[in-house]
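Each ligand, and each atom within it, is numbered from 1 in the order the structure gives. Computed from a predicted structure; not experimentally measured. Side-chain atoms are counted along with the backbone in the values below, which use heavy atoms only and exclude waters and symmetry mates.
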Amino acid sequence: MAIAAYPGSFDPMTLGHVDIVTRASRLFDRVWVAVAHNPAKTPLFSAAERVALAQRCLSHLGNVTVEAFDGLSATFAREHQATALIRGLRSLADVPSEFAMAQMNRALAPQLETMFLMADPAYQHASSSLLKEVASLGADVAALAPPPVIEALSARYRDLRRNG
Ligand code: ADP
């Protein structure tokens, strides 16, 4: 049984993330999407909200499970018997930080392989931060985000505008 973990903030899940999970789900028997708590990053959505959104975006993939986690990706992978950590690369700009993280994870867990999937060119510019920025300014984000995320973003920014 080949098991992979795909860790990230997913604040919120974009179509780029969905594409990476979909492709990983064809390569592995089971994929765990690991939603990092990361309170230091002051996310727009709580970990519970990010998990619920990711579950709604990925419910059509029968071998994918979404879970929140706190701590090291390598620990999450070990606890879920994952032998691979999936990460996505959008451009060369992602390489230095992803390379450093992969080396660190290799030092922490030598038996865990980090595997990189290249972004589909259609979603290369789909980052959670850019998505939030343009959604907050009222842009149509249907090309970047799955429907549950579009709804959640417009509700969140409506509430934020109402509450000043
Ligand atoms: P993190 O805070 O761990 O970078 P993200 O949610 O931003 O969490 O991203 C999780 C992973 O998904 C990272 O490996 C990132 O490079 C990758 N990723 C993000 N957006 C895309 C995209 N549009 N296409 C492919 N991979 C992506």
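- Residue Pro7 places no N or O, backbone or side chain, under 3.5 Å from any N or O of ligand 1.
- Remark: ligand 1 and Arg87 share an N or O pair separated by less than 3.5 Å (distance only, no angle test).
- The ligand atoms of ligand 1 that sit less than 4.0 angstrom from a heavy atom of Gly88 are 14 (O), 15 (C), 16 (O), 17 (C), 26 (N).
- In this structure, Thr65 contributes its side chain and Trp32 its backbone to no donor-acceptor pair below 3.5 Å.
- Residue contacts with ligand 1, taken as heavy atom pairs separated by less than 4.0 Å, do not involve His125 at all.
- Looking at Ser127 next to ligand 1, no N or O pair under 3.5 Å apart turns up.
- Scanning the protein for heavy atoms near atom 1 (P) of ligand 1, the closest one is Ser9 OG, 3.7 Å.
- The Phe10 neighbourhood of ligand 1 comprises atoms 6 (O), with distances under 4.0 Å to a heavy atom of that residue.
- Phe69 and Tyr6 fall into different hydrophobic clusters, where Ile, Leu, Val, Met, Phe, Trp and Tyr are joined by side-chain heavy atoms under 4.5 Å apart, directly or via other members.
- Close contacts of ligand 1 with Tyr123, meaning ligand atoms under 4.0 Å from a residue heavy atom, involve 22 (C), 23 (N).
- Taking only nitrogen or oxygen atoms, main chain and side chain alike, Thr14 does not reach within less than 3.5 Å of ligand 1.
- Taking distance alone, with nitrogen or oxygen atoms compared against 3.5 Å, Ser128 stays at or beyond that limit from ligand 1.
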